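One structure below.
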Amino acid sequence: MTSNAIKLGIVGVGKIVRDQHLPAVAKDGDFQLAAAASRHGKVDGIPNYPTIEAMLAAEPGLDAVSLCMPPQFRYDAARTALEAKKHVFLEKPPGATVSEVEHLKALADKNGVSLFASWHSRYAPAVEAARAFLTRAKISSAAINWKEDVRRWHPNQEWIWQPGGFGVFDPGINALSIVTHILPAMFITSAVLDFPENRAAPVAAHVVFRTSTGLPVTMELDWLQTGPQSWDIVAETDKGKMVLSGGGSKLAIDGTIVHDEPEAEYPMLYKRFAEIVRAGTSDVDLAPLQHVADAFMLGKRNVVQAFFD
Ligand code: NAP
């Protein structure tokens, strides 16, 4: 750790904090994890508080906070932190609405602190290689297939099925964070969202986009896929068929793997957070969130079979 390490408080101690934030921060010399705030979750070896307000009151030396609770409950915590002049790292999706995150960006600017709307999948190992390939190629069409088993990846997460939890768009927004980085700008032309009759969020979605250059892009999201899981983006191009698979970790052109390395998404997210804090800037790209909002706005709703855990 460097002597000018950024003193970090972490808020909403649950699955993603334990799986990714704690190991990434522990290895990052730019950060010193100084406190945590969560109603039930605790982090060993540092002071723990029940709320962000209690943490900020007791720990005036904190420079930054990472907000890792579900998106519906993030805005108030972010606002409290920004008004206390703390830099803020937002887990994905950065909020439950587009306009609340725009407001947070304005608050960060007003208070002279950095806001980071993190998109972990954008830092998957083969994403930059895919972007470079597509920059040189002429694309004719693209397809996103994001199909996983909600029972395996999101057990007991009630928030994800509630309004603002996004349902299958919670993983789907990871795909959107990649395609908005590697494809030309695009917009939704039609969408069908399948809502289980007992849930307030979709379990599947079929979305059609058109890029600014007129290319068709389809997106299939499915949360009931058992067996092999698919997190793939496919593009047909004049330089061959590109398959970015494994959530952005592996790149193949015409069936030959050209890029495959272990993922380091969260270490890279914290590297980027330190960079913007030191540079006095923010990094807030709302394009993935806007597409989800548009899908809910334009999409036809189908009621499908009830879902039970
Ligand atoms: P989680 O474990 O269900 O929730 C994280 C923590 O948030 C909970 O342990 C809980 O801690 C707190 N929380 C829950 N409801 C709350 C409420 N109503 N008000 C305030 N705090 C509340 O979820 P997660 O999987 O870590 O996901 C959190 C965020 O990270 C989501 O936006 C998700 O999309 C994103 N993410 C998740 C993953 C993943 O693999 N799970 C991957 C990447 C990103 P307390 O009860 O202690 O307050």
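The structure presented is a predicted model; accordingly, all values stated were derived computationally and were not measured. Note that these values count all heavy atoms, side chains included, but never hydrogens, waters or copies made by symmetry.
One finds a salt bridge joining Arg272 and Asp283 here, because a Lys/Arg side-chain nitrogen approaches an Asp/Glu carboxylate oxygen to under 4.0 Å. The pair Arg79-Glu83 meets the salt-bridge criterion, with a side-chain N (NZ, NE, NH1 or NH2) lying under 4.0 Å from an Asp/Glu carboxylate O. Checked for salt-bridge contact, Asp254 and Lys239 miss the test: no charged N lies under 4.0 Å from a carboxylate O. Classification of Lys92 and Asp170 as a salt-bridged pair holds, one side-chain N sitting under 4.0 Å from a carboxylate O.
Thr180 places a side-chain heavy atom less than 4.5 Å from the side chain of Arg122. Between Lys105 and Ser282, some side-chain heavy-atom pair lies under the 4.5 Å cut-off. Counting heavy atoms from C-beta outward, Val113 and Leu82 have side chains that approach closer than 4.5 Å. The shortest distance between side-chain heavy atoms of Leu193 and Asn302 does not fall below 4.5 Å. Between Ile233 and Val179 there is a side-chain heavy-atom pair separated by less than 4.5 Å. Residues Asn198 and Phe308 are in side-chain contact: their nearest non-hydrogen atoms beyond the backbone lie under 4.5 Å apart. Arg39 has its side chain out of reach of Pro50: every pair of non-hydrogen atoms, C-beta onward, lies at least 4.5 Å apart.
Other residues, nucleotides and ligands contribute only 12 or fewer heavy atoms inside 6.0 Å of the CG atom of Asn156. Annotation: Gln305, atom CD; neighbour count of heavy atoms from other residues, nucleotides and ligands within 6.0 Å does not exceed 12.
Legend: residues meeting side-chain contact (heavy atoms from CB on, under 4.5 Å) with Arg210, ordered by chain and number and at least two apart, are Phe187, Thr189. Taking the side-chain contact (heavy atoms from CB on, under 4.5 Å) definition, one finds that Ser66 meets it with Leu8, Ile10, His21, Cys68, Phe89, Tyr270, sequence neighbours left out. With sequence neighbours excluded, no residue forms a side-chain contact (heavy atoms from CB on, under 4.5 Å) with Asp76.
Here the CE atom belonging to Met186 is positioned 10.5 Å from the CG atom belonging to Asp294, to the nearest 0.5 angstrom. Note: Asp309 CG to His154 NE2 = 12.0 Å, rounded to the nearest 0.5 Å.
Here Tyr266 and Tyr123 keep their ring centres 6.0 angstrom or further from each other. Two rings, from Trp223 and Trp161, have their centers less than 6.0 Å apart. Aromatic ring centres of Trp153 and Trp231: separated by under 6.0 Å.
Contact record, Arg18 with Lys42: NH2-N, 4.1 Å, taken as the closest heavy-atom pair.
Although no hydrogens or angles enter the test, the distance criterion places a donor-acceptor pair under 3.5 Å between the side chain of Gln72 and the main chain of Pro163.
A perpendicular orientation is assigned to the rings of His291 and Phe209, their planes being inclined by more than 60° (bins at 30° and 60°).
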